[in-house]
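Worksheet: one structure, shown below.
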Amino acid sequence: MSLPVRVRFAPSPTGFLHVGGARTALFNWLYARHTGGKFILRIEDTDKARNTVEAVQVIYDGLKWLGLDWDEGPGVGGDCGPYFQSERDAVYQKYLDKLLAAGAVYEDEKKAVRFKGPRKLIVMEDLVCGRVEVDRSKPINPLGDMEPDMTIRRPDGSWIFHFVNVVDDIEMGITHVIRGEDHLSNTPKHIEIYQALGVTPPQFAHIPLILNRSGGKMSKRDQGASVQQYIDEGYAPESVANYLCLLGWSPKDNREKLPMEEVVSLFELDKINRRNAAFDTDKCFWLNGQYIHEMTLERFRALCMPVMERAGLPIGGFSNDYLDHVLASVKEKIKLLKDVPAWTAYFFTDDFAFDEEAVNKTLRAGGAAARLTQLASHLETLPAESWEPVALESAFKALSAEAGVKTALFIHPARVAASGRSVGPSLYHMLAILGRDKVLARLRAAAAK
RNA sequence: GACCCUAUCGUCCAGUGGUUAGGACAACGGCCUUUCAAGCCGUGAACACGGGUUCGAAUCCCGUUAGGGUCGCCA
């Protein structure tokens with residue numbers, strides 16, 4: 001009988017949640033949910049110089065946005081707290097005493113505490129990478145130098161990552177360490193500490209790294225490196241989470257879009273591949289469009305409201321019914337939520353922007369003004385109850401037949417006159433939603449320009 | 001430089017000894033349509049290289065090359 005799974009995400013608060021970190025958190029969360037285990041959040045804030053409250057908040061916000069809830073950690077508590085390394089000094093001191101008693105550490109000339117490396121062959125059975133052997137008894141260069149003993153405590157008494165990471169994983173009962181492959185080379189050192197402490201190491205699973213589009217390590221500066229960017233650009237959290245699942249893992253049946261509940265049931269560590277993956281912004285963008293097109297109107301509305309409010313659209317003055325009609329008309333077209341304000345502003349205000357290119361191309365075209373006037377007069381004859389898509393379409397077709405020109409010659413100017421744009425929802429639906437008075441006024445205003 | 005990991009279309013993911021090497025994004029072409037950053041259909045596009053093992057290798061082994069990672073009083 002194996003122990004219940006306990007995994008953790010242990011970020012350092014840098015003021016930024018990297019997509020690689022988010023993907024690591026996601027895989028840990030998936031494994032915990034898949035096995036019915038616990039997902040723990042631990043803040044590795046040993047480097048006092050870089051810590052701020054805001055930086056920690058960024059981590060909480062990013063994880064919550066992605067839907068990754070933690071069972072133990074800041075805000076929710078748990079039996080193994082505190083969950084900030086900066087508050088666990090006594091724990092580390094206790095373990096340092098154990099190492100001291102075992103003769104495994106010493107103080108160097110600068111008063112830093114170092115761990116006496118056993119310099120043996122370390123064999124790891126990684127759940128993703130397989131068996132990995134590292135011979136620590138060998139010199140690290142042709143000169144015969146050995147790797148220096150690692151420091152575990154600075155002269156000022158603060159602790160170093162390798163030591164506290166291991167101590168906390170022991171104290172918190174972590175059964176599986178799922179982390180980025182950049183830690184694979186650190187793992188032998190960690191195993192040495194476990195061994196010196198007489199503790200069986202947890203299972204390790206080193207997941208491949210996320211590369212930028214040109215194949216290099218995704219750094220802070222790269223497009224799409226920060227989770228915040230997806231929030232700002234109007235991605236739906238479910239699509240980003242879905243996309244991240246597909247980087248290094250797959251359901252094996254060629255599906256791309258699949259609900260998180262299904263990923264949870266399918267997720268296995270040994271199905272994670274070993275290859276680094278480049279982040280494909282285009283595909284993430286496409287997937288987001290798929291999610292938006294297929295989500296319910298209620299969900300779409302919930303995601304759009306804050307974006308529209310932030311953009312200053314006076315949506316408060318309109319009925320929920322009107323708002324829903326507007327949103328429904330653009331839902332199938334939009335790929336990013338941040339585009340919603342530009343796509344819908346003219347539904348809520350008469351003071352909307354005219355796209356210069358659209359104006360030049362269609363409104364200033366020869367005869368456009370005359371046709372707009374003609375169109376307005378024609379539409380005016382429509383009975384109020386016929387102001388709906390089907391009747392509007394018939395009206396456009398009848399008018400163009402009468403005038404002996406293609407319907408498009410009325411359609412395009414009408415669209416620009418009514419919305420200021422050359423792209424948007426279905427024209428007849430758009431006009432129907434806007435209503436007779438606004439449409440007629442806009443057609444005549446554009447004709448008079 | 002040493003050590004470790006990796007190697008299928010431009011990108012992501014399938015394919016674990018016998019396949020016309022499959023899907024998705026992107027690209028390109030067409031269709032539909034009032035627009036497209038919508039939808040539909042289609043095309044091009046890959047097993048890094050060299051040796052083995054085998055009747056037979058994308059799949060197994062070795063080497064080469066390339067990419068990535070680690071070698072801190074960062075995490």
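Letters go in sequence order (proteins before strands), and every chain restarts at 1.
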When rounded to the nearest Å, what value does the distance between [atom1] atoms of [N] and [M] take?
N: B/G50; M: B/A57; atom1: C1'; result: 15 Å
N: B/A38; M: B/C13; atom1: P; result: 25 Å
N: B/C32; M: B/A46; atom1: P; result: 32 Å
N: B/C55; M: B/G68; atom1: C1'; result: 39 Å
N: B/G69; M: B/C49; atom1: P; result: 25 Å
N: B/U19; M: B/U34; atom1: P; result: 49 Å
N: B/C5; M: B/C9; atom1: C1'; result: 24 Å
N: B/A14; M: B/C60; atom1: P; result: 15 Å

Exercise. Stems involving RNA chain B: give each as a range paired with a range, ordered by first number, where a stem means at least three consecutive Watson-Crick or G-U wobble pairs under 3.5 Å.
Key: B:1-7 with B:65-71, B:10-13 with B:22-25, B:27-31 with B:39-43, B:48-52 with B:60-64

Practice problem: For A/Arg310, enumerate each residue passing the salt bridge (charged side-chain N to carboxylate O under 4.0 Å, His left out) test, keeping only those at least two apart in sequence or located in another chain. | Solution: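 For A/Arg310 there are no salt bridge (charged side-chain N to carboxylate O under 4.0 Å, His left out) partners, ignoring immediate neighbours.
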
Quiz item: What residues form a salt bridge (charged side-chain N to carboxylate O under 4.0 Å, His left out) with A/Glu380, not counting sequence neighbours?
Solution: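 So A/Glu380 forms a salt bridge (charged side-chain N to carboxylate O under 4.0 Å, His left out) with A/Arg444.
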
Round to the nearest Å and state the distance from [X] atom [atom1] to [N] atom [atom2].
X: A/Arg136; N: B/C4; atom1: CZ; atom2: P; result: 12 Å
X: A/Arg275; N: B/U11; atom1: CZ; atom2: P; result: 8 Å
X: A/Asp108; N: B/G72; atom1: CG; atom2: C1'; result: 13 Å
X: A/His206; N: B/C3; atom1: NE2; atom2: P; result: 20 Å
X: A/Leu258; N: B/C13; atom1: CG; atom2: P; result: 15 Å
X: A/Asp168; N: B/A75; atom1: CG; atom2: P; result: 13 Å
X: A/Trp159; N: B/G72; atom1: CH2; atom2: C1'; result: 18 Å
X: A/Asp156; N: B/C73; atom1: CG; atom2: C1'; result: 8 Å

Exercise. Verify the neighbour count for atom NE2 of A/His325: are there more than 12 heavy atoms of other residues, nucleotides or ligands below 6.0 Å?
Key: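 Not buried by this count: 12 neighbours or fewer within 6.0 Å.
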
Self-check item: A/Gln229 CD: over 12 foreign heavy atoms closer than 6.0 Å
Solution: yes

Quiz prompt | Between CH2 on residue A/Trp70 and CZ on residue A/Arg42, distance to nearest 0.5 Å | solution =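 Separation between the atoms: 15.0 Å.
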
Could I get the full list of side chain to side chain donor-acceptor pair (under 3.5 Å) partners for [X], not counting sequence neighbours?
X: A/Gln57; answer: A/Asp61
X: A/Thr407; answer: A/Ser400
X: A/Asn212; answer: A/Ser214, A/Asp222
X: A/Gln228; answer: A/Asp232

Quiz item: What is the nucleic acid contact for A/Gly180, judged by heavy atoms within less than 4.0 Å: base, sugar-phosphate only, or nothing?
Solution: nothing

Exercise. For A/Lys110, report the nucleic acid contact type (base, sugar-phosphate, nothing); a contact means any heavy atom under 4.0 Å.
Key: base

Exercise. Output every pair passing salt bridge (charged side-chain N to carboxylate O under 4.0 Å, His left out) with a member in residues 81-95 of chain A, not counting sequence neighbours, ordered by first then second residue.
Key: A/Arg88-A/Asp168, A/Lys94-A/Glu171

Quiz item: When you match A/Phe161 and A/Leu246 each to their closest nucleotide on RNA chain B, which lands nearer the 5' end?
Solution: A/Leu246

Quiz item: Mapping A/Val134 and A/Met150 onto RNA chain B by nearest heavy atom, which one lands closer to the 5' end?
Solution: A/Val134

Quiz item: Can you name the ring-ring contact (aromatic ring centres under 6.0 Å, His included) partners of A/Phe27, sequence neighbours left out?
Solution: A/Phe267

Practice problem: Using a 4.0 Å cut-off on protein heavy atoms (strictly under), produce a 5'-to-3' string for nucleotides 22-44 of chain B with B for base contact, S for backbone-only sugar-phosphate contact, and - for none. | Solution: BBBBS-------BBBBSS-----

Self-check item: Per-nucleotide protein contact string for nucleotides 57-71 of chain B, where B marks a base within reach and S marks sugar-phosphate only (heavy atoms under 4.0 Å, - for neither)
Solution: -----------SBSS

Quiz item: Which pairs count as ring-ring contact (aromatic ring centres under 6.0 Å, His included) when at least one residue sits in residues 389-425 of chain A, sequence neighbours excluded?
Solution: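 Non-adjacent pairs meeting ring-ring contact (aromatic ring centres under 6.0 Å, His included): A/Phe396-A/Tyr428.
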
Exercise. Among A/Leu26, A/Leu266, A/Asn273, A/Leu269, find the one that has a side chain to side chain contact (heavy atoms under 4.5 Å, CB included) with A/Trp249.
Key: A/Leu266

